[in-house]
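Take a look at the structure below.
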Amino acid sequence: MFDWNWEFAWEILPRLIVATGNTLIAAGAGYAIALVLGLVLAIAQRTPYRGLTFVVREFVEFIRSTPLLLQIFFVFYVGPQFGLRLSPWASGMIAIGLHYSCYLSEVYRGGLDSVPRGQWEAATALNMTIAQKYRRIIIPQAIVPALAGMGNYLVGIFKDTPMLSVIGVAELIHTANAIGSEHYRFLEPFTLVGLIFLAISLPAAGLIRGFENFIRRKLGLQ
Amino acid sequence: MEDMSGYPHELTGENTPMVSFKNVRKSYGSLVVLDDLDLDVTTGEMVSIIGPSGSGKTTVLRMLMTLEKINGGCIYVDGKPLTHMPKNGGLVPANERHLRERRADIGMCFQHFNLFPHMTALENCMEGPVHVLGISKAEARDRSEELLELVGMINKKDEHPSRLSGGQQQRVAIARALAMRPKVMLFDEVTSALDPEVIGEVTNVIRGLVDEHNLTMLMVTHQMGFARDISDRVCFFYGGKIEEQGSPAELFGNPQRERTQQFLSAVREAV
Ligand SMILES: Nc1ncnc2c1ncn2[C@@H]1O[C@H](COP(=O)(O)OP(=O)(O)OP(=O)(O)O)[C@@H](O)[C@H]1O
Ligand SMILES: [Mg+2]
(Lines give C-alpha, C1' and ligand atoms only; values in the text may rest on other atoms or scores of the structure.)
(Ligands and ions follow the chains in the order given, each with its own letter.)
Protein backbone atom coordinates (compact mmCIF):
# COMPACT_ATOMS: atom_id res chain seq x y z
CA MET A 1 0.00 0.00 0.00
CA PHE A 2 2.57 2.56 1.12
CA ASP A 3 5.36 1.92 -1.35
CA TRP A 4 7.55 5.00 -1.40
CA ASN A 5 10.23 4.57 -4.06
CA TRP A 6 13.41 6.45 -3.16
CA GLU A 7 15.05 5.74 -6.45
CA PHE A 8 12.14 7.19 -8.40
CA ALA A 9 11.98 10.22 -6.16
CA TRP A 10 15.67 10.84 -6.69
CA GLU A 11 15.28 10.44 -10.43
CA ILE A 12 12.50 13.02 -10.81
CA LEU A 13 14.04 15.57 -8.44
CA PRO A 14 16.01 17.45 -11.13
CA ARG A 15 12.84 18.06 -13.16
CA LEU A 16 11.03 19.28 -10.08
CA ILE A 17 13.89 21.61 -9.24
CA VAL A 18 13.69 23.13 -12.71
CA ALA A 19 9.94 23.51 -12.18
CA THR A 20 10.62 25.15 -8.81
CA GLY A 21 12.72 27.68 -10.65
CA ASN A 22 9.84 28.30 -13.05
CA THR A 23 7.44 28.70 -10.16
CA LEU A 24 9.72 31.20 -8.46
CA ILE A 25 10.16 33.15 -11.69
CA ALA A 26 6.42 33.25 -12.27
CA ALA A 27 5.77 34.30 -8.67
CA GLY A 28 8.61 36.84 -8.72
CA ALA A 29 7.59 38.43 -12.01
CA GLY A 30 3.93 38.47 -11.01
CA TYR A 31 4.86 40.04 -7.69
CA ALA A 32 7.02 42.67 -9.35
CA ILE A 33 4.10 43.64 -11.59
CA ALA A 34 1.80 43.67 -8.58
CA LEU A 35 4.15 45.85 -6.50
CA VAL A 36 4.40 48.56 -9.14
CA LEU A 37 0.85 48.41 -10.48
CA GLY A 38 -0.55 48.22 -6.95
CA LEU A 39 1.17 51.47 -6.05
CA VAL A 40 -0.17 53.13 -9.20
CA LEU A 41 -3.69 51.94 -8.33
CA ALA A 42 -3.35 53.16 -4.75
CA ILE A 43 -2.07 56.60 -5.72
CA ALA A 44 -4.67 56.92 -8.49
CA GLN A 45 -7.34 56.60 -5.82
CA ARG A 46 -5.91 59.59 -3.98
CA THR A 47 -5.92 62.03 -6.87
CA PRO A 48 -8.46 64.86 -6.89
CA TYR A 49 -9.88 63.56 -10.19
CA ARG A 50 -13.22 62.09 -9.15
CA GLY A 51 -13.76 60.16 -12.39
CA LEU A 52 -10.40 58.44 -12.24
CA THR A 53 -10.76 57.63 -8.56
CA PHE A 54 -14.17 56.09 -9.19
CA VAL A 55 -13.05 53.95 -12.14
CA VAL A 56 -9.97 52.66 -10.32
CA ARG A 57 -11.95 51.93 -7.17
CA GLU A 58 -14.52 49.90 -9.12
CA PHE A 59 -11.81 48.10 -11.08
CA VAL A 60 -10.09 47.02 -7.86
CA GLU A 61 -13.39 45.85 -6.40
CA PHE A 62 -14.18 43.91 -9.57
CA ILE A 63 -10.85 42.09 -9.65
CA ARG A 64 -11.04 41.31 -5.96
CA SER A 65 -14.51 39.85 -6.29
CA THR A 66 -13.76 37.46 -9.14
CA PRO A 67 -11.59 34.31 -9.01
CA LEU A 68 -7.97 34.41 -10.10
CA LEU A 69 -8.59 31.32 -12.22
CA LEU A 70 -11.18 33.18 -14.27
CA GLN A 71 -8.78 36.06 -14.80
CA ILE A 72 -6.08 33.68 -15.99
CA PHE A 73 -8.46 32.08 -18.49
CA PHE A 74 -9.67 35.48 -19.55
CA VAL A 75 -6.25 36.90 -20.37
CA PHE A 76 -5.14 33.72 -22.13
CA TYR A 77 -8.25 32.69 -24.08
CA VAL A 78 -10.21 35.93 -24.48
CA GLY A 79 -7.18 38.19 -24.94
CA PRO A 80 -6.54 36.97 -28.52
CA GLN A 81 -10.04 38.12 -29.53
CA PHE A 82 -8.88 41.65 -28.71
CA GLY A 83 -5.63 41.13 -30.59
CA LEU A 84 -3.71 40.34 -27.39
CA ARG A 85 -1.99 37.07 -28.25
CA LEU A 86 0.28 36.11 -25.38
CA SER A 87 2.22 33.00 -24.40
CA PRO A 88 0.96 31.02 -21.40
CA TRP A 89 3.88 32.42 -19.44
CA ALA A 90 3.14 36.05 -20.26
CA SER A 91 -0.62 35.62 -19.77
CA GLY A 92 -0.07 33.91 -16.45
CA MET A 93 2.23 36.53 -15.06
CA ILE A 94 0.01 39.38 -16.23
CA ALA A 95 -3.10 37.78 -14.75
CA ILE A 96 -1.47 36.99 -11.44
CA GLY A 97 0.26 40.39 -11.32
CA LEU A 98 -2.99 42.18 -12.05
CA HIS A 99 -4.89 40.15 -9.48
CA TYR A 100 -2.41 40.77 -6.71
CA SER A 101 -1.89 44.43 -7.64
CA CYS A 102 -5.47 45.01 -6.52
CA TYR A 103 -4.84 43.39 -3.16
CA LEU A 104 -1.56 45.25 -2.76
CA SER A 105 -3.21 48.54 -3.66
CA GLU A 106 -5.37 48.10 -0.57
CA VAL A 107 -2.30 47.42 1.55
CA TYR A 108 -0.61 50.51 0.15
CA ARG A 109 -3.73 52.56 0.69
CA GLY A 110 -3.69 51.65 4.35
CA GLY A 111 -0.02 52.58 4.53
CA LEU A 112 -0.52 55.88 2.72
CA ASP A 113 -3.48 56.76 4.94
CA SER A 114 -1.38 56.12 8.02
CA VAL A 115 1.04 58.94 7.18
CA PRO A 116 -0.13 61.97 9.17
CA ARG A 117 -1.42 65.00 7.28
CA GLY A 118 1.30 67.08 8.91
CA GLN A 119 3.90 65.26 6.81
CA TRP A 120 2.18 66.39 3.62
CA GLU A 121 1.96 69.90 4.96
CA ALA A 122 5.62 70.00 5.95
CA ALA A 123 6.49 68.81 2.45
CA THR A 124 4.34 71.55 0.95
CA ALA A 125 6.02 74.10 3.20
CA LEU A 126 9.34 72.96 1.70
CA ASN A 127 7.77 73.59 -1.71
CA MET A 128 8.07 70.01 -2.95
CA THR A 129 6.35 68.80 -6.10
CA ILE A 130 3.71 66.13 -5.71
CA ALA A 131 6.14 63.52 -7.07
CA GLN A 132 8.81 64.57 -4.59
CA LYS A 133 6.32 64.37 -1.73
CA TYR A 134 5.41 60.79 -2.59
CA ARG A 135 8.93 59.65 -3.38
CA ARG A 136 10.89 61.33 -0.62
CA ILE A 137 8.42 61.73 2.25
CA ILE A 138 5.22 59.74 2.01
CA ILE A 139 6.11 56.38 0.44
CA PRO A 140 9.12 55.70 2.71
CA GLN A 141 6.82 56.11 5.70
CA ALA A 142 3.84 54.32 4.15
CA ILE A 143 5.94 51.28 3.27
CA VAL A 144 6.71 50.36 6.87
CA PRO A 145 3.16 49.61 8.05
CA ALA A 146 2.49 48.01 4.65
CA LEU A 147 5.41 45.56 4.85
CA ALA A 148 3.56 42.85 6.77
CA GLY A 149 0.72 42.82 4.25
CA MET A 150 3.14 42.93 1.34
CA GLY A 151 4.93 39.91 2.77
CA ASN A 152 1.72 37.94 3.18
CA TYR A 153 0.83 38.49 -0.44
CA LEU A 154 4.30 37.43 -1.56
CA VAL A 155 3.68 34.05 0.06
CA GLY A 156 0.13 34.12 -1.29
CA ILE A 157 1.25 34.70 -4.86
CA PHE A 158 3.75 31.85 -4.55
CA LYS A 159 1.03 29.47 -3.39
CA ASP A 160 -1.28 30.61 -6.20
CA THR A 161 1.17 29.92 -9.02
CA PRO A 162 -0.18 26.34 -9.46
CA MET A 163 -3.25 27.94 -11.02
CA LEU A 164 -1.08 28.75 -14.00
CA SER A 165 -0.92 25.02 -14.72
CA VAL A 166 -4.40 25.27 -16.27
CA ILE A 167 -2.98 27.17 -19.22
CA GLY A 168 0.08 24.94 -19.47
CA VAL A 169 2.76 26.86 -17.58
CA ALA A 170 5.34 24.28 -16.49
CA GLU A 171 5.38 25.23 -12.84
CA LEU A 172 5.55 22.69 -10.00
CA ILE A 173 2.07 21.15 -10.03
CA HIS A 174 1.97 20.99 -13.80
CA THR A 175 5.33 19.22 -13.86
CA ALA A 176 4.42 16.82 -11.04
CA ASN A 177 1.23 15.95 -12.83
CA ALA A 178 3.10 15.32 -16.07
CA ILE A 179 5.62 13.08 -14.29
CA GLY A 180 2.79 11.19 -12.62
CA SER A 181 1.03 10.57 -15.92
CA GLU A 182 4.22 9.39 -17.58
CA HIS A 183 5.15 6.87 -14.87
CA TYR A 184 1.75 6.09 -13.33
CA ARG A 185 3.19 7.10 -9.98
CA PHE A 186 1.81 10.19 -8.23
CA LEU A 187 2.86 9.67 -4.63
CA GLU A 188 6.47 10.79 -5.00
CA PRO A 189 6.02 13.80 -7.29
CA PHE A 190 3.16 15.32 -5.33
CA THR A 191 4.76 14.62 -1.95
CA LEU A 192 7.95 16.26 -3.12
CA VAL A 193 6.02 19.27 -4.44
CA GLY A 194 4.35 19.66 -1.07
CA LEU A 195 7.71 19.54 0.69
CA ILE A 196 9.17 22.08 -1.73
CA PHE A 197 6.30 24.50 -1.09
CA LEU A 198 6.71 24.02 2.64
CA ALA A 199 10.48 24.50 2.46
CA ILE A 200 10.01 27.84 0.73
CA SER A 201 6.91 29.25 2.44
CA LEU A 202 7.96 28.60 6.02
CA PRO A 203 11.31 30.40 6.07
CA ALA A 204 9.86 33.17 3.88
CA ALA A 205 7.58 34.34 6.67
CA GLY A 206 10.54 34.64 9.04
CA LEU A 207 12.68 36.38 6.44
CA ILE A 208 9.93 38.89 5.76
CA ARG A 209 9.66 39.72 9.45
CA GLY A 210 13.42 40.19 9.63
CA PHE A 211 13.32 42.43 6.58
CA GLU A 212 10.58 44.52 8.16
CA ASN A 213 12.71 45.10 11.26
CA PHE A 214 15.71 45.90 9.10
CA ILE A 215 13.77 48.58 7.19
CA ARG A 216 12.40 50.04 10.41
CA ARG A 217 15.88 50.38 11.82
CA LYS A 218 17.26 51.75 8.58
CA LEU A 219 14.60 54.46 8.51
CA GLY A 220 15.23 55.28 12.15
CA LEU A 221 11.71 54.33 13.19
CA GLN A 222 12.51 52.82 16.60
CA MET B 1 -15.98 83.44 -10.72
CA GLU B 2 -15.01 86.38 -8.57
CA ASP B 3 -14.38 89.69 -10.30
CA MET B 4 -10.68 90.38 -9.77
CA SER B 5 -10.54 93.60 -11.76
CA GLY B 6 -9.99 95.70 -8.64
CA TYR B 7 -6.82 93.84 -7.74
CA PRO B 8 -3.49 95.00 -9.21
CA HIS B 9 -1.13 92.54 -10.90
CA GLU B 10 1.68 93.90 -8.84
CA LEU B 11 2.04 96.09 -5.80
CA THR B 12 4.61 98.79 -6.43
CA GLY B 13 5.92 101.81 -4.62
CA GLU B 14 8.32 102.50 -1.85
CA ASN B 15 6.46 100.92 1.02
CA THR B 16 5.28 97.79 -0.68
CA PRO B 17 4.44 95.35 2.13
CA MET B 18 6.15 91.96 2.19
CA VAL B 19 2.79 90.32 2.86
CA SER B 20 -0.56 91.78 1.99
CA PHE B 21 -3.99 90.24 2.58
CA LYS B 22 -6.66 92.06 0.59
CA ASN B 23 -10.32 91.33 1.41
CA VAL B 24 -9.44 87.72 2.05
CA ARG B 25 -12.38 85.51 2.77
CA LYS B 26 -12.35 81.91 3.95
CA SER B 27 -15.25 79.69 4.83
CA TYR B 28 -15.87 76.01 5.42
CA GLY B 29 -19.36 75.35 4.11
CA SER B 30 -21.54 77.91 5.82
CA LEU B 31 -18.99 78.66 8.54
CA VAL B 32 -17.22 81.91 7.73
CA VAL B 33 -13.76 81.66 9.26
CA LEU B 34 -12.20 84.83 7.88
CA ASP B 35 -14.29 87.75 6.88
CA ASP B 36 -12.76 90.28 4.46
CA LEU B 37 -9.37 90.25 6.11
CA ASP B 38 -7.00 93.13 5.32
CA LEU B 39 -3.53 92.83 6.76
CA ASP B 40 -0.23 94.28 5.59
CA VAL B 41 3.12 93.18 7.00
CA THR B 42 6.22 95.23 6.22
CA THR B 43 9.56 93.69 5.37
CA GLY B 44 11.40 92.69 8.52
CA GLU B 45 8.36 93.17 10.72
CA MET B 46 7.43 90.66 13.45
CA VAL B 47 3.69 90.43 13.80
CA SER B 48 2.05 88.35 16.51
CA ILE B 49 -1.46 87.06 16.17
CA ILE B 50 -3.41 86.43 19.34
CA GLY B 51 -7.04 85.69 20.02
CA PRO B 52 -9.49 83.10 21.34
CA SER B 53 -9.65 79.56 20.01
CA GLY B 54 -11.41 79.30 16.68
CA SER B 55 -10.93 82.97 15.80
CA GLY B 56 -9.07 82.06 12.59
CA LYS B 57 -5.44 82.60 13.63
CA THR B 58 -4.10 79.34 12.25
CA THR B 59 -6.17 79.77 9.10
CA VAL B 60 -4.37 83.03 8.32
CA LEU B 61 -1.00 81.27 8.35
CA ARG B 62 -2.25 78.22 6.49
CA MET B 63 -3.63 80.34 3.67
CA LEU B 64 -0.34 82.19 3.41
CA MET B 65 1.52 78.85 3.28
CA THR B 66 -0.99 77.82 0.56
CA LEU B 67 -2.09 74.82 2.64
CA GLU B 68 -5.60 76.20 2.38
CA LYS B 69 -7.37 77.79 -0.59
CA ILE B 70 -9.01 81.16 -0.08
CA ASN B 71 -12.59 81.81 -1.10
CA GLY B 72 -12.27 85.46 -1.96
CA GLY B 73 -9.86 88.37 -2.16
CA CYS B 74 -6.17 88.03 -2.87
CA ILE B 75 -2.91 87.55 -0.99
CA TYR B 76 0.29 89.25 -2.20
CA VAL B 77 3.80 88.29 -1.18
CA ASP B 78 6.70 90.58 -2.00
CA GLY B 79 4.40 92.62 -4.21
CA LYS B 80 3.24 89.75 -6.40
CA PRO B 81 -0.02 87.86 -6.15
CA LEU B 82 0.31 84.49 -4.40
CA THR B 83 -3.19 83.10 -4.59
CA HIS B 84 -3.73 84.36 -8.14
CA MET B 85 -1.79 84.66 -11.33
CA PRO B 86 -2.05 86.93 -14.31
CA LYS B 87 -3.78 85.47 -17.34
CA ASN B 88 -5.31 87.13 -20.40
CA GLY B 89 -4.90 90.52 -18.78
CA GLY B 90 -6.74 89.55 -15.60
CA LEU B 91 -6.06 87.61 -12.40
CA VAL B 92 -7.18 83.99 -12.13
CA PRO B 93 -6.75 81.49 -9.28
CA ALA B 94 -3.17 80.25 -9.15
CA ASN B 95 -2.29 76.85 -10.56
CA GLU B 96 0.22 74.52 -8.89
CA ARG B 97 3.07 75.84 -11.01
CA HIS B 98 2.46 79.42 -9.97
CA LEU B 99 2.14 78.36 -6.34
CA ARG B 100 5.46 76.56 -6.47
CA GLU B 101 7.10 79.66 -7.82
CA ARG B 102 5.66 82.02 -5.23
CA ARG B 103 5.71 79.65 -2.25
CA ALA B 104 9.50 79.68 -2.29
CA ASP B 105 9.37 82.96 -0.34
CA ILE B 106 7.53 81.41 2.60
CA GLY B 107 8.52 78.99 5.33
CA MET B 108 6.48 77.59 8.17
CA CYS B 109 6.92 75.91 11.54
CA PHE B 110 4.08 73.86 12.97
CA GLN B 111 2.71 73.22 16.42
CA HIS B 112 3.62 69.53 16.16
CA PHE B 113 6.98 70.09 14.40
CA ASN B 114 6.19 67.65 11.55
CA LEU B 115 9.80 66.60 11.13
CA PHE B 116 10.34 63.72 8.70
CA PRO B 117 10.79 60.71 11.02
CA HIS B 118 12.81 58.67 8.55
CA MET B 119 15.55 61.30 8.28
CA THR B 120 18.11 62.57 10.76
CA ALA B 121 18.07 66.17 11.95
CA LEU B 122 20.68 67.07 9.34
CA GLU B 123 18.87 65.20 6.57
CA ASN B 124 15.65 67.00 7.49
CA CYS B 125 17.43 70.32 6.97
CA MET B 126 19.16 69.24 3.74
CA GLU B 127 16.08 67.74 2.13
CA GLY B 128 14.60 70.96 0.75
CA PRO B 129 17.83 72.64 -0.32
CA VAL B 130 19.04 69.53 -2.18
CA HIS B 131 15.83 68.27 -3.74
CA VAL B 132 13.77 71.43 -4.13
CA LEU B 133 16.36 74.18 -4.58
CA GLY B 134 18.77 71.84 -6.34
CA ILE B 135 21.93 73.06 -4.61
CA SER B 136 24.86 70.69 -4.13
CA LYS B 137 24.91 68.30 -1.19
CA ALA B 138 28.13 69.80 0.14
CA GLU B 139 26.70 73.31 0.11
CA ALA B 140 23.40 72.14 1.60
CA ARG B 141 25.30 70.38 4.35
CA ASP B 142 27.29 73.51 5.20
CA ARG B 143 24.17 75.63 5.23
CA SER B 144 22.25 73.10 7.35
CA GLU B 145 25.05 72.64 9.85
CA GLU B 146 25.34 76.38 10.23
CA LEU B 147 21.63 76.61 11.01
CA LEU B 148 21.68 73.63 13.36
CA GLU B 149 24.50 75.45 15.14
CA LEU B 150 22.35 78.57 15.30
CA VAL B 151 19.49 76.68 16.96
CA GLY B 152 21.87 74.81 19.24
CA MET B 153 21.27 71.39 17.72
CA ILE B 154 24.55 70.70 15.95
CA ASN B 155 25.55 68.02 18.47
CA LYS B 156 22.35 66.09 17.64
CA LYS B 157 22.54 66.42 13.88
CA ASP B 158 22.71 62.68 13.24
CA GLU B 159 19.80 61.75 15.47
CA HIS B 160 16.38 60.81 14.17
CA PRO B 161 13.43 62.86 15.47
CA SER B 162 12.14 59.96 17.57
CA ARG B 163 15.22 60.39 19.76
CA LEU B 164 14.78 64.13 20.27
CA SER B 165 12.67 65.98 22.83
CA GLY B 166 9.85 68.25 21.67
CA GLY B 167 11.90 71.38 22.15
CA GLN B 168 14.79 69.87 20.24
CA GLN B 169 12.51 68.77 17.41
CA GLN B 170 11.02 72.23 17.16
CA ARG B 171 14.47 73.80 16.93
CA VAL B 172 15.39 71.41 14.11
CA ALA B 173 12.11 72.31 12.40
CA ILE B 174 13.04 75.99 12.58
CA ALA B 175 16.45 75.22 11.06
CA ARG B 176 14.78 73.14 8.34
CA ALA B 177 12.50 76.02 7.38
CA LEU B 178 15.34 78.57 7.45
CA ALA B 179 17.49 76.37 5.22
CA MET B 180 15.15 77.26 2.35
CA ARG B 181 16.03 80.95 2.83
CA PRO B 182 12.45 82.19 2.98
CA LYS B 183 11.62 85.87 3.11
CA VAL B 184 8.64 85.23 5.36
CA MET B 185 8.53 82.81 8.30
CA LEU B 186 5.32 81.58 9.85
CA PHE B 187 5.11 80.15 13.36
CA ASP B 188 1.89 78.50 14.44
CA GLU B 189 1.87 78.00 18.20
CA VAL B 190 5.32 76.49 18.05
CA THR B 191 5.54 76.19 21.83
CA SER B 192 2.04 74.90 22.58
CA ALA B 193 2.98 71.22 22.41
CA LEU B 194 6.06 71.67 24.57
CA ASP B 195 6.69 71.05 28.24
CA PRO B 196 6.96 74.34 30.13
CA GLU B 197 10.64 73.87 30.93
CA VAL B 198 11.71 73.65 27.27
CA ILE B 199 9.60 76.51 25.92
CA GLY B 200 12.46 78.89 26.59
CA GLU B 201 14.88 77.10 24.28
CA VAL B 202 12.51 77.59 21.35
CA THR B 203 11.49 81.16 22.15
CA ASN B 204 15.17 82.09 22.48
CA VAL B 205 15.81 80.84 18.97
CA ILE B 206 12.96 82.95 17.62
CA ARG B 207 14.19 85.91 19.62
CA GLY B 208 17.54 85.48 17.91
CA LEU B 209 15.91 85.54 14.50
CA VAL B 210 14.35 88.92 15.22
CA ASP B 211 17.81 90.36 15.88
CA GLU B 212 19.94 88.56 13.36
CA HIS B 213 17.86 88.27 10.23
CA ASN B 214 15.92 90.68 8.16
CA LEU B 215 13.10 88.18 8.14
CA THR B 216 9.44 89.01 8.02
CA MET B 217 7.62 86.93 10.61
CA LEU B 218 4.06 86.10 11.52
CA MET B 219 3.58 84.25 14.75
CA VAL B 220 0.45 82.81 16.29
CA THR B 221 0.94 82.40 20.01
CA HIS B 222 -0.79 82.02 23.33
CA GLN B 223 2.27 83.30 25.19
CA MET B 224 1.35 86.91 25.77
CA GLY B 225 4.62 87.75 27.51
CA PHE B 226 6.64 86.49 24.59
CA ALA B 227 4.46 88.31 22.05
CA ARG B 228 4.84 91.49 24.06
CA ASP B 229 8.63 91.12 24.19
CA ILE B 230 9.48 90.50 20.60
CA SER B 231 6.67 91.78 18.37
CA ASP B 232 6.64 94.98 16.40
CA ARG B 233 2.89 94.69 16.20
CA VAL B 234 0.21 92.52 17.79
CA CYS B 235 -3.09 91.65 16.09
CA PHE B 236 -6.00 90.52 18.20
CA PHE B 237 -8.32 88.26 16.19
CA TYR B 238 -11.93 87.78 17.09
CA GLY B 239 -14.50 85.93 15.00
CA GLY B 240 -12.44 85.94 11.82
CA LYS B 241 -11.61 89.64 11.94
CA ILE B 242 -8.85 91.77 13.36
CA GLU B 243 -10.67 93.28 16.29
CA GLU B 244 -7.75 95.44 17.34
CA GLN B 245 -4.08 95.84 16.50
CA GLY B 246 -1.17 97.96 17.60
CA SER B 247 2.26 97.97 19.16
CA PRO B 248 2.65 95.59 22.10
CA ALA B 249 2.67 98.56 24.47
CA GLU B 250 -0.60 99.87 23.06
CA LEU B 251 -2.41 96.55 22.77
CA PHE B 252 -1.35 95.04 26.07
CA GLY B 253 -1.01 98.30 28.01
CA ASN B 254 -4.05 100.15 26.84
CA PRO B 255 -6.48 97.99 24.85
CA GLN B 256 -9.32 100.04 23.36
CA ARG B 257 -11.92 97.40 22.53
CA GLU B 258 -13.99 95.64 25.09
CA ARG B 259 -13.35 92.20 23.58
CA THR B 260 -9.62 92.75 23.71
CA GLN B 261 -9.85 93.78 27.34
CA GLN B 262 -11.97 90.73 28.17
CA PHE B 263 -9.62 88.37 26.35
CA LEU B 264 -6.51 89.78 27.98
CA SER B 265 -7.94 89.72 31.47
CA ALA B 266 -9.18 86.16 30.95
CA VAL B 267 -5.68 85.13 29.82
CA ARG B 268 -4.08 86.86 32.79
CA GLU B 269 -6.41 85.13 35.20
CA ALA B 270 -5.58 81.77 33.71
CA VAL B 271 -1.87 82.27 34.37
N1 LIG C 1 -10.71 71.84 7.71
C2 LIG C 1 -11.68 72.49 8.37
N3 LIG C 1 -12.98 72.18 8.17
C4 LIG C 1 -13.96 72.81 8.83
N5 LIG C 1 -13.76 73.80 9.72
C6 LIG C 1 -12.51 74.17 9.97
C7 LIG C 1 -11.39 73.53 9.32
N8 LIG C 1 -10.26 74.12 9.76
C9 LIG C 1 -10.64 75.05 10.65
N10 LIG C 1 -11.98 75.09 10.78
C11 LIG C 1 -12.74 76.03 11.64
O12 LIG C 1 -12.29 77.32 11.36
C13 LIG C 1 -12.30 78.10 12.54
C14 LIG C 1 -10.96 78.77 12.70
O15 LIG C 1 -9.99 77.78 12.88
P16 LIG C 1 -8.48 78.12 13.24
O17 LIG C 1 -7.76 76.84 13.30
O18 LIG C 1 -7.97 79.16 12.30
O19 LIG C 1 -8.62 78.74 14.70
P20 LIG C 1 -7.49 79.24 15.69
O21 LIG C 1 -7.74 80.68 15.92
O22 LIG C 1 -6.15 78.86 15.18
O23 LIG C 1 -7.84 78.44 17.01
P24 LIG C 1 -6.87 77.74 18.09
O25 LIG C 1 -6.42 78.81 19.01
O26 LIG C 1 -7.76 76.75 18.76
O27 LIG C 1 -5.77 77.08 17.34
C28 LIG C 1 -12.66 77.17 13.67
O29 LIG C 1 -14.03 77.37 13.97
C30 LIG C 1 -12.46 75.81 13.11
O31 LIG C 1 -13.35 74.88 13.67
MG1 LIG D 1 -4.64 77.46 15.79
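Values in this document were obtained by computation on a predicted structure and should not be read as measured data. The sequence lines fix the lettering, A, B, ..., with proteins before strands; numbering per chain opens at 1.
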Exercise for review: Write out, in numerical order, the residues from residues 114-130 of chain B with a heavy atom short of 4.5 Å from a heavy atom in chain A.
Suggested key: Asn114(B), Leu115(B), Phe116(B), Pro117(B), His118(B), Met119(B), Glu127(B), Gly128(B)
Review point. Side chain, backbone, both or neither: which part of Gln119(A) has an atom under 4.5 Å from a heavy atom of chain B?
Key: both
Check your understanding: Taking atom types as modelled, is there a side-chain donor on Gln223(B) or Thr191(B) under 3.5 Å from an acceptor on the other?
Key -> yes
Review point. Do Arg25(B) and Asn71(B) meet the criterion of a side-chain donor-acceptor pair at a distance under 3.5 Å?
Key: no
Review point. At a heavy-atom separation under 4.5 Å, does Arg163(B) approach chain A through its side chain, its backbone, both, or neither?
Key: neither
Revision key, fill the gap. Turns out that what part of Leu67(B) lies under 4.5 Å from chain A's heavy atoms comes down to side chain
**Study point:** Heavy-atom contact with chain B under 4.5 Å, split by part of Gln141(A)
**Key:** side chain
Exercise for review: Run the salt-bridge test on Asp113(A) and Arg46(A) with the 4.0 Å N-O cut-off and return the result as yes or no.
Suggested key: yes
Practice item. Let me know if Arg135(A) has heavy atoms under 4.5 Å from chain B in its side chain, its backbone, both or neither. Key: neither
**Study point:** Other residues, nucleotides, ligands: >12 heavy atoms within 6.0 Å of Arg100(B) CZ
**Key:** yes
Check your understanding: Between Glu212(A) and Arg217(A), is the closest basic N to carboxylate O distance under 4.0 Å?
Key -> no
Review point. Picking from Val210(B), Val184(B), Val47(B), what satisfies side-chain contact (heavy atoms from CB on, under 4.5 Å) with Met217(B)?
Key: Val210(B)
**Study point:** Over all atoms of both residues, closest heavy-atom pair of Ser91(A) and Leu86(A)
**Key:** OG-CB, 3.4 Å
Practice item. Please indicate whether Glu61(A) has more than 12 foreign heavy atoms, meaning atoms of other residues, nucleotides or ligands, lying under 6.0 Å from its CD. Key: yes
**Study point:** Electrostatic pair Glu106(A):Arg57(A) at N-O distance under 4.0 angstrom
**Key:** yes
Study note, to complete from the structure: Comparing His160(B), Glu96(B), Met65(B), Arg176(B) against chain A, the one with the most heavy-atom pairs below 4.5 Å turns out to be His160(B)
Exercise for review: With a 4.5 angstrom heavy-atom cut-off, could you sort out which part of His112(B) is near chain A: side chain, backbone, both or neither?
Suggested key: neither
